[in-house]
Amino acid sequence: MRRGACLLALQQTGRLAVMALGLYLPVYLGRADHAWRERSDARSCERPPSEYLDEIFFDSLVYTPHALRRLIDTVGSGQVLLGSDYPFDMGVTDPLDRLTAAGLSPHQQDRVAGGNAARLGLIP
């Protein structure tokens with residue numbers, strides 16, 4: 001499925017996919033929540049930013065096993081979709097091997113490898 005089609009399907013389900021922010025957003029949440037509590041100009045959303053994680057889906061392509069493990073530990077395996085960026089220059093040909101390298105359990109690997117996409121109706 002092309003990326004545009006994936007985002008359209010997610011939009012129709014009322015969910016958000018965050019591509020290429022999997023390295024940044026989960027580790028930035030502490031600062032974002034702090035700003036939400038301390039600064040009125042940072043409260044453009046109803047709840048602290050970390051409370052929206054179960055409504056956001058992340059791309060698994062974060063390039064290192066440690067970063068993928070951190071992403072899964074922060075947002076949960078149910079919020080991560082398999083990413084490869086293939087055939088683009090930053091793409092990888094081994095996205096499934098990266099799930100194993102991160103030490104994900106078989107259940108976590110199944111969710112990221114396609115279970116989450118199927119649950120969202122992104123796989124025909």
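For this chain, numbers begin at 1 and follow the sequence in order.
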On a heavy-atom basis, the closest approach of Leu68 and Val62 is N-CG2, 3.3 Å
dist Asp73:CG -> His66:NE2 (nearest 0.5 Å) comes out at 9.0 Å
Between Pro65 and Ala101, the two heavy atoms sitting closest are CB-O, 3.5 Å
Heavy-atom closest pair (Asp54 atom, Gln79 atom, distance to 0.1 Å) is O-NE2, 3.3 Å
Walk me through whether Asp97 and Thr100 qualify under side chain to side chain contact (heavy atoms under 4.5 Å, CB included). CA-CA 5 Å; Asp97 293 341; Thr100 302; 5.6 Å; no
From CA spacing to verdict: side chain to side chain contact (heavy atoms under 4.5 Å, CB included), Leu53, Phe58: CA-CA 10 Å; Leu53 285 181; Phe58 296 85; 4.0 Å; yes
*Okay, side chain of Asn116, backbone of Leu81: is any donor-acceptor separation there less than 3.5 Å?*
no
CD (Glu46) and CD (Glu51) are apart, to the nearest 0.5 Å, by 9.5 Å
Worksheet item: Under the 3.5 angstrom rule, does the side chain of Gln108 hit a backbone N or O of Ser105 as a donor-acceptor pair?
Response: yes
Practice prompt. May I ask you to check whether over 12 heavy atoms, not counting those of Arg39, lie within 6.0 Å of atom CZ?
Written response: no
* Asked: Counting distance only, does the side-chain N/O of Trp36 pair as donor-acceptor with the main-chain N or O of Ser50 below 3.5 Å?
  -> no
Mind running side chain to side chain contact (heavy atoms under 4.5 Å, CB included) on His34 and Arg37 for me, showing each step along the way?
CA-CA 5 Å; His34 178 73; Arg37 285 189 304 274; 3.9 Å; yes
Heavy-atom closest pair (Leu61 atom, Met90 atom, distance to 0.1 Å) is CD2-O, 4.1 Å
Stepwise side chain to side chain contact (heavy atoms under 4.5 Å, CB included) test for Thr64 and Arg69: CA-CA 9 Å; Thr64 69; Arg69 180 82 251 159; over 6 Å; no
*asked:* Check this for me: Arg31, atom CZ, are more than 12 non-hydrogen atoms of other residues, nucleotides or ligands nearer than 6.0 Å?
replied: no
Residues Asp59 and Val80: closest non-hydrogen pair is C-CG1, 4.3 Å
Between Ala42 and Ala35, the two heavy atoms sitting closest are CB-O, 3.5 Å
d(Arg47 CZ, Asp33 CG) to nearest 0.5 Å is 11.0 Å
The reported gap from CZ in Arg111 to OG in Ser60 (rounded to nearest 0.5 angstrom) is 14.5 Å
### Message
Could you check whether atom CZ of Arg70 has more than 12 heavy atoms from other residues, nucleotides or ligands sitting under 6.0 Å from it?
### Response
no
